[in-house]
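As structure tokens, the structure follows; a few thoughts come after it.
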Protein chains: 2
Amino acid sequence: MADVARAAGISTALVSIVIRGVPGASEATRQRVLRIADELGYVPDQRAQKLRQSRSRVLGVTFELQQPFHGDLVEQIYTAAGQQGYEAMISAVAPSRSETTAVNALLRERCEAAILLGSELETEELTRLARRLPTLLVARHTDLSGVGVVRSDDTAGIGLAVDHLVALGHRRIAHIDGAGAPGSSDRRLGFLQAMAGHGLQDTADVLAGGLTETAGAEGMRYLLGRPTPPTAVIAFNDRCASGVLDVLARQGCDVPGEISVVGYDDSRLAKLPHVQMTTVSQNAAELAEAAVTSALALIAGRQPEEVVLTPRLVERATTGPARS
Amino acid sequence: MADVARAAGISTALVSIVIRGVPGASEATRQRVLRIADELGYVPDQRAQKLRQSRSRVLGVTFELQQPFHGDLVEQIYTAAGQQGYEAMISAVAPSRSETTAVNALLRERCEAAILLGSELETEELTRLARRLPTLLVARHTDLSGVGVVRSDDTAGIGLAVDHLVALGHRRIAHIDGAGAPGSSDRRLGFLQAMAGHGLQDTADVLAGGLTETAGAEGMRYLLGRPTPPTAVIAFNDRCASGVLDVLARQGCDVPGEISVVGYDDSRLAKLPHVQMTTVSQNAAELAEAAVTSALALIAGRQPEEVVLTPRLVERATTGPARS
DNA sequence: CTGAAAGCGCTAACAT
DNA sequence: ATGTTAGCGCTTTCAG
């Protein structure tokens with residue numbers, strides 16, 4: 001920046017004004033500075049900017065590297081943050097990189113708030129984090145006061161899936177759940193409630209699953225081994241449903257002719273043209289926008305709230321009338 | 001930091017010494033400062049640290065949000081960078097976030113080098129970037145001098161796949177390629193060369209594909225429409241192979257009984273227990289380590305090199321003897 | 001419209 | 001072993 005100022009024969013303060021695009025420089029100077037900056041390949045040092053400003057205008061986001069739905073969310077959060085004049089700084093969680101590590105990286109960057117996607121942080125650690133920093137949980141439940149939550153109504157979402165299948169004539173419906181994953185208990189509950197609502201509590205079947213293709217595949221294989229397999233399966237998420245579909249395809253089992261399958265998330269996997277999965281959409285764009293808005297509200301000092309969005313059923317090609 | 005110093009009754013310089021764990025403080029002071037820092041929840045401001053130090057010790061990494069193999073690489077890069085005393089700062093590429101945007105974010109953070117995974121940046125932009133910053137391309141080819149490259153030998157990798165299939169008795173082998181994706185021309189070439197090497201140039205079949213499940217599915221459907229479909233398919237990558245496998249499963253086509261399928265990358269998708277895909281491994285850990293090492297070499301001022309790793313065939317369950 | 005000066009939180013020389 | 005000082009690159013009063 002000093003170089004630019006020298007080359008333009010003015011002070012750095014004036015360069016700063018031009019670069020930031022704030023009023024306070026003559027048009028002539030503005031043009032000249034911009035040209036010189038470009039020639040010199042000057043890019044402002046973000047660290048120095050943020051350091052000087054009291055507010056960093058950075059939102060920290062942790063996400064799981066291998067979860068397609070998190071990918072969707074991250075993409076939308078970049079956009080939503082940008083629209084609000086914020087920047088998103090992402091920090092990945094993976095088998096060899098714990099959520100704690102990911103969060104600490106954000107802390108050191110002085111983010112103004114942390115947005116945790118599908119966090120599995122323990123209560124204690126979450127509390128500690130929330131004391132330091134406005135914290136927002138996306139797609140996870142918590143009773144903790146002091147922590148904001150943005151999620152879609154998982155119970156209702158599964159209800160949508162059940163209603164849809166029942167309307168198609170299904171009665172023996174199984175749910176391969178998410179084991180201990182965030183949201184899994186809500187979805188399990190939603191399944192049981194909705195089934196009971198249709199008087200089908202006796203043919204409601206819940207299986208321990210997980211959030212990977214593997215869990216879905218195992219669950220489906222198990223179900224096919226039953227004397228009377230279900231005519232429809234609701235998986236915990238799209239990845240899990242992918243595993244289910246894969247097993248069915250290999251067994252030569254027609255979908256949806258013999259068995260209907262419903263996923264959850266409406267992630268990339270569900271939209272693939274050759275898959276066309278019926279799924280419950282937690283509109284990523286909407287969730288992301290709500291997350292950013294809530295995070296900014298927390299930063300502004302407002303009390304943490306729980307924002308619950310309404311999921312929507314996306315009917316595609318993996319569900320159909322029950323075979324009598 | 002000033003708070004900690006005040007609470008401990010010492011200067012900030014001494015606190016700094018303790019926090020960084022460098023020698024120059026008495027054991028008693030060290031203990032006390034650490035305790036107080038912990039009580040106060042003090043976390044050093046990374047921006048200020050980096051700003052002050054001439055070197056940021058940050059490696060910037062761009063990756064594609066929805067590419068499982070990139071996820072594998074990112075995870076390993078975090079580890080490899082950490083081992084070398086560096087930090088990885090990731091910046092995602094997605095349909096709504098261009099590579100240029102992602103790279104600019106890194107530039108503003110004053111990374112010491114940029115590691116671009118599977119970059120599709122144009123020559124001109126790449127050149128400009130490389131002039132500003134040591135730049136390393138992973139899993140992509142380039143003739144550009146001034147840019148480091150770490151990749152595995154794609155030509156040889158596909159050769160491995162061809163050899164394997166030929167040894168199993170296959171003769172009619174198709175390759176669904178990556179269209180214009182990084183690495184696709186090498187793999188296409190490797191396919192044709194290897195087939196020719198076995199005298200099979202007449203039954204070598206190359207189809208335009210892409211790097212998604214959709215491309216694989218379309219390619220496979222097309223191949224099945226042929227009067228004499230191939231007995232084996234080599235896909236551009238694992239995602240593409242997933243699409244192929246999916247179509248085959250739906251058609252009730254036995255894999256590997258009727259058709260063998262080989263992927264590329266040995267990503268998460270290939271390892272799924274219910275998939276067990278035969279694939280060519282570009283060992284993510286090895287690539288990541290080479291990438292970090294090369295990046296550091298560039299930073300140290302060494303000339304850009306091209307590091308070519310040897311791929312390895314991972315035989316799993318999607319390939320078998322050709323049906324006569 | 002422009003410039004001088006102070007300071008964001010930290011570290012690195014250099015004193016003591 | 002500890003403190004003092006200067007300054008990383010920028011923004012922000014405040015004067016001119």
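- A/Ile10 has its CD1 atom 6 Å from the P atom of C/dG3, to the nearest Å.
- Ion pair A/Glu306/A/Arg151 flagged as a salt bridge, since at least one NZ, NE, NH1 or NH2 atom sits closer than 4.0 Å to an Asp/Glu carboxylate oxygen.
- Following rounding to the nearest Å, B/Lys50 (NZ) and C/dT11 (P) show an atom-to-atom distance of 10 Å.
- Side-chain contact between A/Ile90 and A/Ile77: absent, with no pair of heavy atoms (C-beta onward) separated by less than 4.5 Å.
- In the helix from C/dC1-D/dG16 to C/dT16-D/dA1, the end axes, each obtained as the rotation axis mapping the C1' atoms of four pairs onto the next four within a five-pair block, lie 40° apart to the nearest 10 degrees.
- The closest side-chain donor-acceptor pair between B/Glu305 and B/Ser294, if any, does not fall under 3.5 angstrom.
- Salt bridge B/Asp3/B/Arg6: present, at least one basic N to carboxylate O contact under 4.0 Å.
- Side-chain N/O atoms of A/Ser26 include one lying less than 4.0 angstrom from OP1 or OP2 on C/dT2.
- Ion pairing of B/Lys50 with B/Glu87 is present here, as a side-chain N (NZ or NE/NH1/NH2) and a carboxylate O approach within less than 4.0 Å.
- Contact annotation: the side chain of A/Arg47 approaches that of B/Ser56 to within less than 4.5 Å [non-hydrogen atoms, C-beta and beyond].
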Along nucleotides 9-16 of chain D, 5' to 3', which nucleotides get a B, which get an S, and which get a -, given that the test is a protein heavy-atom distance under 4.0 Å?
BBBB----

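- Under the salt bridge (charged side-chain N to carboxylate O under 4.0 Å, His left out) criterion, A/Arg30 pairs with no residue, sequence neighbours left out.
- Across all strands, B/Ser11 comes closer than 4.0 Å to base atoms (heavy-atom distances).
- At least one side-chain heavy atom of B/Leu106 sits under 4.5 Å from a side-chain heavy atom of B/Thr62.
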